[in-house]
Every structure is written in structure tokens, then in C-alpha cells.
Amino acid sequence: MAEPARPNDPPSPSSRASSGATTPPDVLALRDLAERAARAAADLVRGGRPDTVEVAATKSSAVDVVTQMDLAAERALRTLLARERPDDGVLGEEGGLEPGTSGVTWVLDPIDGTVNYLYGIPAYAVSVAAVAGPPEPGAWTLLAGCVHAVADGRTWTAARGHGAHLDGAALRVEDARPLSESLCGTGFGYLEARRRDQARVLLEVLPRVRDIRRIGSAAMDLCMVASGQLDLYYERGLNPWDLAAAQLVVQEAGGLVTGLRGRPAATAMTVAGPAGTVPELVALLEQLGADADGPPAPGSLD
Ligand code: IPD
Ligand code: CA
């Protein structure tokens with residue numbers, strides 16, 4: 001049964017009763033649908049992985065690959081969601097934006113960690129989120145989401161105001177610890193110039209943390225902050241589909257997900273972790289100019 005709306009619930013994206021009152025979206029129903037869709041797409045991905053996966057196309061660069069399975073899994077997600085909620089919009093990594101009329105948009109990453117999928121490294125996930133408002137990081141209201149790890153079946157879910165769960169168990173982000181004792185996940189973009197900048201930033205971050213992990217799926221990195229396998233995570237260049245579901249998982253687990261210089265988490269920069277540690281990493285990344293391309297202004301590292 002739907003739980004009552006809370007004062008900070010988002011405005012209704014859709015139904016307006018004849019009285020003129022708005023009906024808030026049933027975020028628990030959206031979460032359950034997100035999970036069902038993610039599991040269905042993951043079944044397809046798991047069952048259909050040939051011994052040798054071929055690259056179907058490349059996107060931003062020669063190393064930014066798409067497989068037939070990315071395309072098939074996104075088609076399956078779109079078909080299921082259209083059947084269940086035909087008025088909603090859909091933004092997917094492979095198929096772009098199909099606007100809806102309800103005010104809810106599904107944000108889909110059919111395989112987050114495509115390079116891992118290509119190589120048979122078992123760290124790739126299906127990510128499905130429902131958002132209200134523009135489907136853009138910072139502008140959206142995250143309603144519900146699911147990140148389902150295809151290889152081992154770990155399933156992170158969240159619904160706005162109802163907490164985050166891993167395989168049904170409630171999540172609480174680990175307590176803050178100093179940056180120097182924090183295990184920090186990160187990731188890299190697909191463009192050479194961006195990677196040079198990311199390497200420059202990494203050179204300064206690595207000596208200041210417990211260690212770095214580059215797992216290869218941003219959605220899983222974020223979810224692992226929520227469930228304690230990572231203490232912190234930062235990355236420049238995330239797309240909405242990398243971020244949507246997993247951002248809500250971290251936030252609903254009591255963690256902080258933010259950008260730099262007081263901005264929300266977005267493509268420019270996403271930093272996640274315990275509210276007590278994130279500011280230390282944010283300050284370092286700001287000093288390094290990690291949210292802009294090119295070296296920081298002279299003197300800013302003194
Ligand atoms: C990528 C992964 C990777 C991150 C990249 C993403 P994809 O998504 O999440 O970990 O570093 O920024 O683009 O291409 O595997 O869907
Ligand atoms: Ca992705």
C-alpha cells in the first residue's frame with residue numbers, strides 16, 4: 001500500500017484529482033517497477049552473453065564501446081516500461097530521450113560497465129531510475145531506483161524518503177573517517193584529453209587516501225559507497241544514466257552526493273561518501289580544479 005506523502009515529497013508529476021489537489025507519485029511502486037525491469041534486463045544480459053562479445057559500435061571515442069547486448073537490454077527495458085507506464089518519458093544511454101506526458105522520466109543504463117562486460121570481468125550492472133522534472137543531474141527530483149549487478153545478483157534499491165536497501169537489508173553509509181584512511185573509488189572518461197586531466201588529479205589524490213579502486217561501473221561504485229565496500233567515490237564526466245539510481249541509493253543510505261563549489265552532483269563532478277568526509281575530498285578536488293578541463297590556475301596548489 002502507498003505510504004502517506006511527507007512534507008518534502010516532490011510535487012506530483014502527473015495526476016491531478018478533480019478537486020485540483022495533486023497526487024504524489026507512489027515512489028514505492030516506482031521502486032518495485034525499477035527493480036523488476038532491472039532484473040528482467042539482467043536476465044537477458046546474463047543469459048545471452050556469448051563466449052566472445054563483439055563490439056557493435058563506438059561512441060565518443062574508439063574505446064567507448066556498445067555491444068549488441070547494450071542495445072537489446074535497453075530495448076527490453078523500454079518495452080517493459082512502456083507497457084506498464086505508457087505516459088512516462090524514457091532517457092536511455094543508447095536510445096536517447098523519448099519525452100512523456102506524466103512528468104516522470106525513466107533514466108536507464110542497460111549495462112553500466114560495458115567494458116567489463118566485453119572482457120568478462122564480473123562488475124557490470126543494469127541501472128533503472130525514475131525521476132521527476134527534467135532528467136538532468138541537479139535539476140531532477142530522484143524518485144526511485146534500482147542497480148542490479150548482473151554477475152552476482154546484488155541488488156541495490158531506493159525510494160525517496162523510504163531508505164536504501166541491498167538485497168532487502170537496510171543500508172547506512174559508514175561513519176566518516178579521515179581521507180587518509182578512506183578507500184576511494186573513481187573512474188575515467190573515454191576521451192584522451194579528459195583522461196590526461198583525470199590522471200593529473202589522481203596523482204594528487206592517490207597519496208592522500210588509503211587506496212584507489214577503479215571498478216569500471218560508476219553505478220556500482222556509488223552503490224558500494226552506500227553498502228560500505230568503498231568509503232568515497234569521485235568522478236568527472238558522469239552521464240545522467242550512470243548517476244540517477246545510484247545517487248538516490250547513496251542519499252537514502254544517509255550519504256552525501258555533491259559536486260564542487262556548492263554545485264549539485266552532475267557531469268562536471270560527482271563526489272559521494274559520508275557527510276563528514278566528503279568536504280575534505282571536495283576541498284582537495286576544488287584546489288586541483290578537478291571539475292574543469294586543463295590544469296588548475298597557477299598557485300592554486302600552493
Ligand atoms: C562507464 C562506467 C565507468 C565510468 C564511465 C562510464 P558505461 O559507463 O560507469 O565506470 O568511469 O564514466 O561512462 O560506458 O560502461 O556505461
Ligand atoms: Ca554507464
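One-based numbering, in listed order, for ligands and for the atoms of each.
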Could you see which bit of [X] sits under 4.0 Å from ligand 1, with heavy atoms only: side chain, backbone, both or neither?
{"X": "I215", "value": "neither"}
{"X": "Q198", "value": "neither"}
{"X": "S217", "value": "backbone"}
{"X": "D112", "value": "both"}

For this session: Without swapping roles, check the side chain of Q198 against the backbone of R236 for a donor-acceptor pair under 3.5 Å.
Result: yes

Exercise. When you check the gap from the basic side-chain N to the acidic O, do R177 and D175 get nearer than 4.0 Å?
Worked result: no

Exercise. Charged N to carboxylate O under 4.0 angstrom, R78 versus E74?
Worked result: yes

Seminar exercise, completed: Excluding waters, which are neither shown nor counted, protein N/O/S atoms under 3.0 Å from the Ca ion (ligand 2) come to 3

List for me each residue that meets salt bridge (charged side-chain N to carboxylate O under 4.0 Å, His left out) alongside [X], sequence neighbours excluded, and say none if there are none.
{"X": "D167", "answer": "none"}
{"X": "R154", "answer": "D152"}
{"X": "D32", "answer": "none"}

For this session: May I ask you to check whether L238 has an N/O atom sitting below 3.5 Å from an N/O atom of ligand 1?
Result: no

For this session: For E235, take its heavy atoms, then give the atoms of ligand 1 lying under 4.0 Å from any of them.
Result: 4 (C), 5 (C), 11 (O), 12 (O)

Problem set entry | Close-contact set for ligand 1 against G113 heavy atoms, below 4.0 Å | 7 (P), 15 (O), 16 (O)

